[in-house]
Amino acid sequence: MVLDTKDLYSRSLLNGKRWAPEANKEYVMPKSEFNTAFQSNDLKEMAQVVAYFVARHYMIDSPRITKLQRYYLGDNDIHYWTNDKKIRNRADNRIASGFAKFITNMRVGYMLGKPIQFKPDDDDGDDSSVDDLLSQFNQENDEKYHEKVMKTNLSVTGRAYELLYAGDAEEDDEGNVKTPDVKLRAIDPATAFVVYDTSIDRHSLFGVRYYTVEYNSRTISYVDVYTADMTYHFMSEDGLTTQSGSDYQLVSQEQTSFGAVPLTEYVNNESKTGDWESKLDEIDAYDLAMSEMANSEEDFANAKLVLNGDLDFSDNMVEVHNADGSVMVNDDGEPVKVPKIDTKDQFLWLKPSVVPSSNGSNTVVPSSAEYLTKQINEAGWKTFIDQLSTDIHKDTNTPNTTDEAFSGQSSGVALMYKLFGEDQERSMQESLYTRGIMRRLRLLGNFWKKNFEINDANIMNSYVPHYTPNLPRNNSDIVNMVVQIANSNLVSEDTLREMISQVTGVSADAEKERINEEQEENEGQGTFNDAPLQGVNPVDLAEAQANARQQVPDEKPKTINDLFNAMNNSKRDSDAKS
């Protein structure tokens with residue numbers, strides 16, 4: 001297999017496109033060739049296959065991904081454009097806009113600002129042991145933050161990579177080997193890829209993660225290859241552009257227990273493009289317009305002063321010298337003198353120029369002083385940048401929160417219409433993101449089954465992620481809505497707890513446990529002991545107990561419906577008194 005990466009790179013620069021035609025395409029190879037190289041454990045052929053795809057990714061795909069990552073960090077291409085302004089002593093401001101980061105952060109916050117809930121879709125899939133394993137896995141790997149990192153990579157580059165790997169096995173005090181913890185990491189899309197077979201289902205054959213380390217005047221490249229049952233660690237000191245793989249040295253290898261390639265590729269859309277990648281032209285145009293306006297303002301401050309007339313400096317004249325240092329003379333052989341002007345002077349004294357003519361009359365030229373500037377069409381410039389900003393927001397389905405449409409009092413329905421395009425993007429991206437999460441859960445099921453933590457790996461298919469859009473909310477409206485629904489008696493208390501959790505921030509299960517604990521505590525408090533009290537008349541004790549029961553306030557509501565009914569009764573009593 002031979003890949004002319006130099007030719008591909010040159011074409012990407014000469015054909016007027018941002019990326020090479022081969023960029024951002026899926027990596028595929030015949031499964032038979034993969035089996036020949038990997039299952040036969042032929043390290044030479046294995047290294048050749050891996051080196052081919054690494055060189056392709058490093059030369060073609062990685063430049064695209066790193067450029068998009070630069071834009072997210074505010075290091076736009078305007079910082080690298082060439083011109084001769086500085087040579088001509090002109091202002092050369094380079095102002096990079098923040099559209100990329102704004103759009104990405106909006107998309108990440110809207111979709112994953114609230115944590116994903118992993119719940120079984122049916123009662124058959126509800127297993128406390130699986131719940132405990134999954135909860136522990138998510139907590140130890142900070143799954144909430146991990147999802148945001150993955151979504152950020154998706155929004156910026158159009159793809160994201162997630163690696164599952166087992167930690168070190170440890171023994172307890174009795175010599176029993178505990179099941180290793182499964183660790184979860186997001187891999188930089190600029191240094192990772194997955195190779196698939198040629199079938200219509202596109203089964204993953206192997207995944208690759210590569211990186212370069214500079215240490216002690218040496219540059220060493222490392223390439224980790226992940227298959228369904230093995231992980232290979234290669235190193236190379238000849239760089240990542242070699243395609244033969246002859247310099248790849250196998251450092252180590254170990255078996256894996258996930259039953260499939262542990263490197264999972266997530267995609268942002270079918271074309272694997274970022275959320276704002278298609279609007280790079282408008283972003284560049286906006287950067288240029290803002291920079292040129294800043295340049296115009298700075299050039300105006302440094303504008304040249306044009307003087308018309310004669311300077312009254314008869315007593316302060318200096319000779320003009322030629323390039324060789326000699327004194328410049330006029331036609332009469334006399335030295336050419338000009339007024340010595342100090343630019344720091346606050347005043348310049350001008351007088352009209354008198355130009356003699358051939359007929360004996362003189363022409364008087366009035367004196368004047370003005371800066372040499374160009375007229376700036378500020379209204380047209382503002383219209384231009386406003387249109388660019390509108391197009392960027394519109395075409396990426398990102399609401400412009402600084403727009404006049406968001407000012408004033410708007411109903412919830414009106415705001416939802418403004419977010420309609422964003423909702424469509426979120427709906428499609430949630431479906432694709434769920435594919436990656438379900439693959440993660442299946443890999444975990446395979447690992448836990450192989451290590452005898454669960455009996456059936458298929459149970460993980462019932463744990464489906466549930467998303468909650470992170471929208472601005474009105475807590476009072478939510479409470480009123482929940483009260484009305486509770487009075488209708490059409491939904492269960494568990495559903496009401498889930499709805500009210502948006503206000504309290506406490507999950508429905510945790511809220512139920514708190515209520516049960518409070519009820520148990522209340523049942524054990526405030527009751528009289530049946531044992532007789534010493535020195536107390538039984539008749540007087542019975543009378544005291546009856547009086548105490550009359551003075552005790554109504555029993556606390558034991559259900560959420562009782563709570564809402566009490567709220568309504570209290571509100572009606574308050575309205576009646578007023």
Test item: Thr152 side-chain N/O and Lys148 main-chain N/O as donor-acceptor pair under 3.5 Å: yes
Check: Ile385 main-chain N/O paired with Ser389 side-chain donor or acceptor under 3.5 Å: no
side-chain contact (heavy atoms from CB on, under 4.5 Å) evaluation trace for Phe118 with Ser135: CA-CA 9 Å; Phe118 295 89; Ser135 298; over 6 Å; no
Side-chain donor/acceptor of Asn446 to backbone N/O of Gly259, under 3.5 Å: no
Crowding at CZ, Arg202 (>12 non-hydrogen neighbours, <6.0 Å): yes
Side-chain heavy-atom pair Glu270, Leu432 within 4.5 angstrom cut-off: yes
CA sep, side-chain torsions, deciding dist, call: Arg497, Asp494, salt bridge (charged side-chain N to carboxylate O under 4.0 Å, His left out): CA-CA 5 Å; Arg497 292 191 187 97; Asp494 289 338; 2.9 Å; yes
Residue pair Asp391 / Gln387, side-chain donor-acceptor N/O under 3.5 Å: yes
Side chains of Tyr110 and Glu425, donor plus acceptor under 3.5 Å: no
Heavy atoms of other groups near Gln255 CD, more than 12 under 6.0 Å: no
Show the atom names and distances, to 0.1 Å, of all donor-acceptor pairs under 3.5 Å that link a side chain in residues 449-457 to residues at least two apart or in another chain.
residue	atom	partner	partner atom	Å
Asn451	ND2	Phe447	O	2.8
Glu453	OE2	Thr179	OG1	2.7
Asp456	OD1	Asn458	N	3.1

Option from Lys272, Lys67, Arg64 for which salt bridge (charged side-chain N to carboxylate O under 4.0 Å, His left out) with Glu277 holds: Arg64
Side-chain donor-acceptor pair present, Tyr210, His57, cut-off under 3.5 Å: yes
Derivation and outcome, salt bridge (charged side-chain N to carboxylate O under 4.0 Å, His left out), residues Lys394 and Glu282: CA-CA 12 Å; Lys394 174 177 65 69; Glu282 283 85 348; over 6 Å; no
Passing candidate, side chain to side chain contact (heavy atoms under 4.5 Å, CB included) with Ile103, options Val108, Val156, Thr396: Thr396
Any donor-acceptor N/O pair, Asn76 side chain to Asp284 backbone, under 3.5 Å: no
Whether Tyr433 and Tyr266 hold their rings parallel, tilted or perpendicular, with breakpoints at 30° and 60°: tilted
Gln424 (side chain) donor-acceptor with Phe420 (main chain) under 3.5 angstrom: yes
Heavy-atom donor-acceptor pair, Asn269 side chain to Thr273 backbone, under 3.5 Å: yes
CG/Asp201: more than 12 non-hydrogen atoms of other groups inside 6.0 Å: yes
Validation row: His146, Glu162 side chains within 4.5 angstrom (heavy atoms): yes
Arg426 side chain to Met111 backbone, donor-acceptor under 3.5 Å: no
Lys101 atom NZ: more than 12 heavy-atom contacts under 6.0 Å: no
Polar side-chain atom of Ser155 near backbone of Lys151 as donor-acceptor pair, under 3.5 Å: no
Donor-acceptor contact present, side-chain Ser62 to main-chain Ala190, <3.5 Å: yes
Neighbour count above 12 (heavy atom, 6.0 Å) for Phe38 CZ: yes
Distance-only polar pair, side chains of Asn153 and Tyr72, donor-acceptor under 3.5 Å: no
Side chains of Arg440 and Phe137 in contact at under 4.5 Å (non-hydrogen atoms): yes
Asp224: partners by side chain to side chain contact (heavy atoms under 4.5 Å, CB included), with sequence neighbours left out: Arg209, Tyr211, Tyr226, His233
Candidate pair Tyr161 and Thr191, rule side-chain contact (heavy atoms from CB on, under 4.5 Å), full reasoning: CA-CA 10 Å; Tyr161 295 91; Thr191 63; over 6 Å; no
Test ring-ring contact (aromatic ring centres under 6.0 Å, His included) applied to Tyr232 - qualifying residues, sequence neighbours left out: none
